[in-house]
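Side chains included, hydrogens not; waters and symmetry mates left out as well; all remaining heavy atoms used.
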Amino acid sequence: MNVLWILAHPEPRSLNGHLAAEGQRALRAEGHRVEVSDLYAMGWNPVVDPAGYAHDPADRFQVAAAAKQAYESGGLSPDIRAEQEKIDRADTLVVQFPMWWFGMPAILKGWFDRVWHQGYAYGLRGPDGEWMGYGDGFLAGKRAMAVVTMGGPGWFYGARGIHGAVDELLFPLQHGTLFYAGAQVLPPVLIFGADRFTPGEGRTAAKELTGRLLAIPETEPIPYRTRNGGDYDGNLVLRPDVAPDLTGLRAHTA
């Protein structure tokens with residue numbers, strides 16, 4: 001595999017730092033190629049601004065149009081271009097972060113905001129002129145997996161837990177970002193109770209993670225419904241006969 005590992009944690013001596021180091025070591029030991037975007041170590045700028053897209057600040061900044069124009073004309077800033085080149089080289093993406101306030105850290109959200117722009121990650125048409133997304137797109141043929149630590153215990157994130165079901169909390173990333181872009185999204189690696197981990201528990205978590213990483217080629221992806229697979233009507237609403245008793249996020253998984 002050619003893996004791009006995107007890490008969003010400010011402390012390399014943390015549990016996240018330990019997991020990232022052990023996971024990358026295990027992949028390389030098995031002959032896999034690993035590139036790393038350690039966003040905090042890189043000093044990644046998460047803020048969308050005109051400079052990233054060579055846009056004249058004297059003109060109105062229409063973000064999507066400016067980004068597409070910069071991409072097509074070669075005007076992207078070097079940091080954005082470098083991340084896109086890493087994505088293009090990879091066949092597998094690992095996105096690792098601690099869950100803060102029910103989502104990803106701002107630096108990681110800013111990575112997606114700046115790098116996954118119109119013309120590169122969305123607003124694309126297929127060979128027959130159809131709009132791409134949700135099952136096809138620029139990540140078609142690639143696999144993606146989230147590695148997420150959470151401070152609370154697992155039952156907080158169960159179907160009836162006070163924090164809400166973890167699959168629903170991760171739906172914007174897994175379905176709305178990774179699957180939208182065409183990736184086969186694998187079930188996430190979830191580390192609960194991370195704030196109170198002992199060294200022994202950290203080693204156990206690292207062993208679980210390495211096992212999941214090495215099994216990526218054989219792991220079945222989450223069976224999200226594809227945009228062009230026949231489950232949706234012309235307005236991209238599920239047809240009445242598809243999962244008629246389900247509403248909300250669960251209805252979009254076969």
Side-chain angles (χ1 to χ4, degrees), residues 1-44 46 83 86 90 92-112 143-174 178 185-222:
M1 294 185 290
N2 293 318
V3 179
L4 173 58
W5 193 300
I6 305 108
L7 173 64
H9 196 286
E11 175 52 77
R13 296 165 294 184
S14 65
L15 174 62
N16 270 274
H18 173 67
L19 294 174
E22 290 299 307
Q24 293 161 25
R25 184 178 298 115
L27 287 169
R28 291 185 176 116
E30 292 296 317
H32 302 293
R33 179 177 177 272
V34 183
E35 282 195 277
V36 180
S37 287
D38 184 340
L39 301 184
Y40 281 96
M42 293 160 57
W44 176 260
E83 296 306 293
K86 292 178 188 176
T92 303
L93 272 62
V94 175
V95 184
Q96 182 189 355
F97 60 95
M99 184 174 286
W100 291 348
W101 288 111
F102 303 97
M104 65 185 78
I107 197 169
L108 179 56
K109 179 61 165 62
W111 183 85
F112 283 111
R143 294 193 155 207
M145 185 173 73
V147 178
V148 187
T149 61
M150 287 152 283
W155 56 86
F156 280 13
Y157 300 90
R160 291 172 57 83
I162 194 168
H163 285 342
V166 68
D167 288 343
E168 295 187 358
L169 297 176
L170 292 176
F171 194 85
L173 170 63
Q174 295 188 144
L178 299 172
V185 183
L186 307 186
V189 177
L190 304 173
I191 311 297
F192 299 105
D195 289 347
R196 290 166 290 280
F197 259 44
T198 65
E201 289 170 328
R203 288 189 291 272
T204 299
K207 184 177 180 180
E208 176 191 352
L209 171 61
T210 57
R212 286 289 311 279
L213 290 167
L214 298 178
I216 282 176
E218 294 80 39
T219 301
E220 287 295 318
I222 300 170

Determine the minimum heavy-atom distance between [X] and [Y], stating which atoms define it.
| X | Y | answer |
| --- | --- | --- |
| A90 | L93 | CB-CD1, 4.1 Å |
| M42 | E83 | CE-OE2, 3.4 Å |
| P98 | A8 | CD-O, 3.0 Å |
| G164 | L169 | O-CD1, 4.0 Å |
| L214 | A26 | CD2-O, 4.0 Å |
| P221 | L186 | CA-CD2, 3.9 Å |

Distance only, no hydrogens: is a donor on one side chain within 3.5 Å (strictly under) of an acceptor on the other, for E35 and W5?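 There is no such pair (donor and acceptor under 3.5 Å, judged by atom type) between the side chains of E35 and W5.
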
Donor-acceptor pair between T210 and E22 side chains, under 3.5 angstrom: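 The answer is no; no qualifying pair exists.
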
Might you confirm whether atom [atom1] of [X] has over 12 heavy atoms from other residues, nucleotides or ligands at distances under 6.0 Å?
| X | atom1 | value |
| --- | --- | --- |
| R203 | CZ | no |
| E11 | CD | yes |
| W155 | CH2 | no |
| R196 | CZ | yes |
| K86 | NZ | yes |

Distance, nearest 0.5 Å, that separates CZ of F97 from OG1 of T149: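 Answer for the CZ-OG1 pair, F97 versus T149, is 8.5 Å.
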
CZ-CG distance between F171 and D167, expressed to the nearest 0.5 angstrom: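 Rounded to the nearest 0.5 Å, the CZ-CG separation comes to 10.0 Å.
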
If you define the side chain from C-beta out and look only at heavy atoms, does anything of [X] sit under 4.5 Å from [Y]?
| X | Y | value |
| --- | --- | --- |
| L4 | S37 | yes |
| I222 | Q174 | yes |
| Y40 | P105 | yes |
| H18 | P12 | no |
| L170 | P188 | yes |
| R143 | V185 | no |
| E201 | T198 | yes |
| I6 | Q96 | no |

Can the ring centres of H163 and F102 be said to be less than 6.0 Å apart?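 Ring centres of F102 and H163 closer than 6.0 Å.
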
By ring pair (Phe, Tyr, Trp, His ring centres under 6.0 Å), which residues pair with F197, not counting sequence neighbours?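 Listed in chain order: nothing, the list is empty.
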
Can you name the one residue among L19, N16, V148 that meets side-chain contact (heavy atoms from CB on, under 4.5 Å) with I191?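 That would be L19.
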
